[in-house]
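Here is the structure we will look at.
Computed over heavy atoms, backbone and side chain alike; hydrogens, waters and symmetry mates excluded. Naming: A, B, ... by sequence-line order, numbering from 1 per chain. None of the values given here were measured: they were computed from a predicted structure.
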Protein chains: 2
Amino acid sequence: MTGRTDARRNRARLVEAARELFAEVGADAAAMNDVARRAGVGPGTLWRHFPNKEALLAEVVGQSLDGLAELAAELLRTEPEGFLRRWVDALVAHITRNRGLAASFMRAAEHGEGPLGTRCHAVELAAAELLARAQELGEARADLTAAELIRLATAVAWTSEATEGDPVRMLDVLFEGIL
Amino acid sequence: MTGRTDARRNRARLVEAARELFAEVGADAAAMNDVARRAGVGPGTLWRHFPNKEALLAEVVGQSLDGLAELAAELLRTEPEGFLRRWVDALVAHITRNRGLAASFMRAAEHGEGPLGTRCHAVELAAAELLARAQELGEARADLTAAELIRLATAVAWTSEATEGDPVRMLDVLFEGIL
DNA sequence: ACCTGAACACCGTTCAAGT
DNA sequence: ACCTGAACACCGTTCAAGT
């Protein structure tokens, strides 16, 4: 948090450039050097700020990923039923928004490592709370795990990367099994 | 089918080398040049025989993919119930066997193009037959499509690429919804 | 006809040189 | 401290030269 203005400005520029490029061509297809060029810095600067692509991705999707945890708390308060489906819809929508995120998210959620890993952990905790409540109400099968729920939701999100179709139908089928 | 011995031998060597390398490091991580080197030929020879990686992949997984169609017919004859789940298990097992196949399979099954595409079409026809019979028996929800079934099965198979866990639980949850 | 392998373009990643 | 950008390794892909 030292090196004043230019470092901070470069970092912000990099995240912004990454967000744009990821949105345009997908997180997997985006070249790191292109991110740097778009941000107007050298490749070295990019690597200094973010040691790998996942770190950059984590920064780009970070806030909205945190938003999922907040959404869970809110749904528990306001939505007496159907909150689990609502939340999974939101999760899938979020993953789908960044093409190429599904694979990284799955890896991070599974191993829990890396900068995305810690964010995923928060998401999983939120899922666990929702799931527990849903199971109390009989709205979800009792043997389902939060990790499994996220795995399945991520898989469905991945589906629509190749499919171009909306994942609603997939989720319908999935939830008939979950409840 | 002209150019005699060496061409045929090279082709066979390439497929064999690809099968080995795909099994070792995954179809996505395997470098085309490495396949050529392992086969003892130049890169150009590889590209002459297979215009892209998908063509090579199609050749490697071809027979077992065709085997799925045969299995469907056999299950319809011998297995009075539970044949749909049996077949989907086999499909998932097959995709899981080659790490990196899931993504290619999904693309091919969706768009129907390329050398994998035609194989996938045969698989989908087999799935449609099984599904129709299962729906008659009330073992599958009536609004489910063969394409959707394959999409879901492929998604589950993809799950276990990152997870290292077996996909049985995922399929259990899925089928509770399907039936 | 078919094969070879050098060559090009591209991308991830590093690092010596600058300020 | 931080940035720059040349440089290296690697991989997909092509193609002129060979047989």
Starting from [atom2] on [N], measure out to [atom1] on [X] and report it in whole angstrom.
X      : N       : atom1 : atom2 : answer
F50(A) : dT14(C) : CZ    : P     : 16 Å
R8(A)  : dC3(D)  : CZ    : C1'   : 17 Å
N52(A) : dT13(C) : CG    : P     : 8 Å
L14(B) : dC3(C)  : CG    : C1'   : 11 Å
L46(A) : dC15(C) : CG    : C1'   : 15 Å

Between [options], which nucleotide has the shortest distance from any of its atoms to the side chain of [X]?
X      : options                 : result
R48(B) : dC3(C), dG12(C), dC2(D) : dC3(C)
W47(A) : dT14(C), dC3(D), dC3(C) : dT14(C)
P43(B) : dG5(D), dG12(D), dA6(C) : dA6(C)
T45(A) : dG5(D), dT4(D), dT13(D) : dT4(D)

Kindly compute the distance separating CZ (R38(A)) from CZ (R13(A)), expressed to the nearest 0.5 Å.
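Going from the CZ atom of R38(A) to the CZ atom of R13(A) covers 13.5 Å.
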Applying salt bridge (Lys or Arg N to Asp or Glu O under 4.0 Å), which residue pairs with at least one partner in residues 106-117 of chain A are found, sequence neighbours left out?
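Output for this query lists E110(A)-R151(A).
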Restricting to side chain to side chain donor-acceptor pair (under 3.5 Å), what partner residues turn up for R37(A), sequence neighbours left out?
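Result, side chain to side chain donor-acceptor pair (under 3.5 Å) vs R37(A): D34(A).
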Please name all residues satisfying side chain to side chain donor-acceptor pair (under 3.5 Å) with E136(B), sequence neighbours left out, ordered by chain then number.
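Checked E136(B) against side chain to side chain donor-acceptor pair (under 3.5 Å); matches are R133(B).
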Before you tell me yes or no, could you show the steps for L131(A) and W87(A) under side chain to side chain contact (heavy atoms under 4.5 Å, CB included), namely the whole-Å CA-CA distance, both residues' side-chain angles and the distance that decides it to 0.1 Å?
CA-CA 10 Å; L131(A) 184 58; W87(A) 188 78; over 6 Å; no
Listed once per pair and sorted, the ring-ring contact (aromatic ring centres under 6.0 Å, His included) pairs that draw on residues 93-141 of chain B, sequence neighbours left out
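The answer is none; no pair qualifies.
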Per-nucleotide pairing state of DNA chain D [Watson-Crick or G-U, under 3.5 Å; [ ] pseudoknot-crossing; | other strand]
||.|||||...|||||.||
Check every strand shown and say whether N10(A) touches a base, only sugar-phosphate, or nothing at a heavy-atom separation below 4.0 Å.
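Here N10(A) touches the backbone only, sparing every base.
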Hydrophobic cluster membership, L101(A) vs L149(A), 4.5 Å side-chain cutoff:
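Shared cluster, yes.
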Check whether L174(B) and M106(B) end up in the same hydrophobic cluster, where Ile, Leu, Val, Met, Phe, Trp and Tyr are linked by side-chain heavy atoms less than 4.5 Å apart.
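Looking at the clustering, M106(B) is in a separate group from L174(B).
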Tell me which residues in residues 24-40 of chain A lie within less than 4.0 Å of DNA chain C, going by non-hydrogen atoms.
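Correct list: A30(A), A31(A), M32(A), N33(A).
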So, is H49(B) close to the dC2(C) phosphate, meaning a side-chain N or O under 4.0 Å from OP1 or OP2?
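Indeed not, no polar side-chain atom of H49(B) lies that close.
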Shortest non-hydrogen contact from N98(B) to E161(B)?
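That closest heavy-atom pairing would be O-OE2, 4.2 Å.
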